[in-house]
> 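Right, I'll just put the structure down here and ask away after.
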There are 2 protein chains.
Amino acid sequence: MNDIRTHTDQILHTKAVRITPMRQLLLDYILTQNQAVGLNELEAEFPKADRITIYRTLKTFEEKGILHSIEQGHSEVQYALCHEECGPEHHVDRHPHFACERCGRIICLEEVFIPRVAIPQGFIQHDVEMTIKGVCGECG
Amino acid sequence: MNDIRTHTDQILHTKAVRITPMRQLLLDYILTQNQAVGLNELEAEFPKADRITIYRTLKTFEEKGILHSIEQGHSEVQYALCHEECGPEHHVDRHPHFACERCGRIICLEEVFIPRVAIPQGFIQHDVEMTIKGVCGECG
DNA sequence: GTAACTGCAAAATATTTGCATCCTT
DNA sequence: AAGGATGCAAATATTTTGCAGTTAC
C-alpha cells in the first residue's frame with residue numbers, strides 16, 4: 001500500500017506534476033488497473049470527486065507524459081499509463097491497443113511493436129495509433 | 001456529370017441501399033472528395049439538408065459497406081469510401097489513415113498495407129484501425 | 001508569495017432516439 | 001401495399017471554458 005503511494009508520488013515528481021490528493025487518488029487507482037480507464041469509470045469509482053477536475057487531471061497527466069489517450073470507437077476516450085520516457089510534447093507510446101467487443105476493455109499490447117509503414121512523399125509522420133478490435137482472452 | 005450520377009446509383013444498387021435524392025446527393029459529393037468527410041462538413045455543404053438525416057445516411061452507408069468510419073482524435077468521426085467488397089457486417093478497409101495536424105484532413109492511404117501484428121494467446125482479431133498523425137504533403 | 005489546482009456553474013459540441021409523414025420498390 | 005427513408009423535435013452524452021477560492025512549492 002505504502003509502496004504504491006510512494007510509487008505514485010515518485011511518478012508525479014518525476015513528471016513535474018504537483019502532488020495533490022486528487023492526483024494521488026486517481027493515479028493510485030490507475031496504477032492498479034491493467035487496462036485503460038475512461039472518465040466515466042473514474043467518476044463512478046470516486047463519486048465525491050468533481051467530474052471536471054477528473055477530466056482536467058487526465059488532460060494534465062496526458063500532457064505531462066503520465067498517461068496516453070486511446071480513441072477506441074464511438075465512445076469515450078480512454079487513458080492508460082505512459083512509458084517512463086514520456087514527457088511534455090514527447091510521447092513514445094507506440095504500441096497497439098486491443099479493444100474487446102464483448103467486455104469493452106481497452107488493453108495495451110505493450111510488448112507488440114507497431115511496424116513502420118511507408119507514407120507518401122512529402123508527408124511527415126509524428127505519431128501512430130493502432131487499435132485491434134476483437135475478443136479478448138477472458139471473453140473468448 | 002452523368003457519369004458520376006450513374007456511378008452513384010450503381011454503388012447504391014450494388015450495396016442494396018434504396019436510391020433516394022438525399023443519398024444520391026451525399027454520395028455524389030463524397031465521391032468527388034479524396035479525403036474523409038464529417039457530418040459538419042456535409043451539413044455546411046448542403047444547408048437545406050436535415051442534419052439528422054445526413055447522420056443517419058452516413059450510418060446506413062457505413063452499415064451497408066459504402067463508407068467506413070475513422071476515429072481521428074478528440075473531434076468528430078469521419079467517413080470515407082469503402083472497398084467494393086465491403087458489405088453489411090463485412091468491412092475490408094484495412095488501410096491506414098493519415099491525419100494532418102495542420103489542415104485536419106483525413107486521407108486514406110489505400111495503397112499501404114497494415115502489417116499483421118502478433119496478439120496474445122486466446123485473443124481473436126476482427127478488425128484493425130491505424131492512424132498516422134503528422135503533416136501532409138500540402139501543409140509540409 | 002506566486003503560480004497552479006479545485007470545485008461549482010455553464011456552455012459548446014457530438015451522438016442518438018421517437019414519431020408521423022412521405023417515398024422507393 | 002409495405003417497408004424503408006425523411007424531417008422535425010427532443011434527449012443524451014461528451015468535451016471544454018470561466019472564475020473565485022484554496023493549495024503546493
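Chain A is the first sequence line, chain B the second, and so forth, proteins listed ahead of strands; every chain is numbered from 1.
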> Could you tell me the separation between the CD1 atom of B:Ile54 and the C1' atom of D:dT6, rounded to a whole number of Å?
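Taking CD1 of B:Ile54 and C1' of D:dT6, I get 12 Å after rounding.
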> Given the side-chain rings of A:His83 and A:His90, with only the six-membered ring counted for Trp, is the space between their centroids under 6.0 Å?
no
> Separation of A:Lys64 atom NZ from C:dA3 atom P, in whole Å?
15 Å
> Roughly, in whole Å, what's the span from CG in A:Leu58 to P in C:dC5?
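Rounded to the whole Å, the gap is 14 Å.
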> Measuring to OP1 and OP2 of C:dT15, would you say a side-chain N or O of B:Lys59 lies under 4.0 angstrom away?
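So the side-chain polar atoms of B:Lys59 never come under 4.0 Å of the phosphate oxygens OP1 or OP2 of C:dT15.
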> Would you please confirm or rule out a distance under 4.0 Å between OP1 or OP2 of D:dG7 and any side-chain N or O of B:Thr53?
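Yes, B:Thr53 has a side-chain N/O under 4.0 Å of OP1/OP2 on D:dG7.
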> Quick one: on DNA chain C, does A:Asp50 or B:Pro21 contact a more 5' nucleotide (nearest heavy atom)?
A:Asp50
> With hydrogens left out and only the distance checked, is there a donor-acceptor pair under 3.5 Å joining B:Arg56's side chain and the base of D:dG7?
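By the distance-only test, yes, there is a pair.
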> Can you tell me how far C1' of D:dT6 sits from CZ of B:Phe46, to the nearest Å?
16 Å
> Quickly work out the B:Arg51 CZ to D:dT6 P distance and round it to whole Å.
16 Å
> Can you tell me how far P of D:dT14 sits from CG of B:Leu39, to the nearest Å?
17 Å
> Below 4.0 angstrom from OP1 or OP2 of D:dA13, is there any side-chain N or O of A:Asn40?
no
> Would you mind telling me which residue lines up with the more 5' stretch of DNA chain D, A:Ile52 or B:Ala49, judged by nearest nucleotide?
B:Ala49
> Phosphate oxygens OP1/OP2 of D:dT14: is one of them under 4.0 Å from a side-chain N or O of A:Tyr55?
no
> Nearest to the side chain of B:Arg18 - D:dT14, C:dC23, D:dG7?
C:dC23
> To the nearest Å, how far apart are B:Ile66 CD1 and D:dA5 P?
11 Å
> Does this structure show an ion pair linking A:Lys133 with A:Glu101, if we count only N-O contacts that are shorter than 4.0 Å?
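Between A:Glu101 and A:Lys133 there is no salt bridge, as every charged N stays at least 4.0 Å from the carboxylate O atoms.
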> With a 4.0 Å limit, can you tell me whether B:Thr20 has a side-chain N or O closer than that to the phosphate oxygens OP1/OP2 of D:dT6?
yes
> C:dT15, C:dT6, D:dT6: which one has an atom nearest the side-chain heavy atoms of B:Glu76?
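The answer is C:dT15, which lies nearest to the side chain.
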> Tell me whether the rings of A:Phe123 and B:Phe98 are parallel (<30°), tilted (30 to 60°) or perpendicular (>60°).
perpendicular
> Above 12 or not: heavy atoms from other molecules or residues under 6.0 Å from CD of B:Glu84?
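Open: at most 12 neighbouring heavy atoms sit under 6.0 Å from CD of B:Glu84.
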> Could you state the atom-to-atom distance from CZ of A:Arg23 to P of D:dC25 in whole Å?
9 Å
> How far apart are the C-alpha atoms of A:Arg105 and A:Glu138, what are their side-chain angles, what is the distance that settles it, and do they pass the salt bridge (Lys or Arg N to Asp or Glu O under 4.0 Å) test?
CA-CA 11 Å; A:Arg105 285 193 304 159; A:Glu138 289 182 28; 3.6 Å; yes
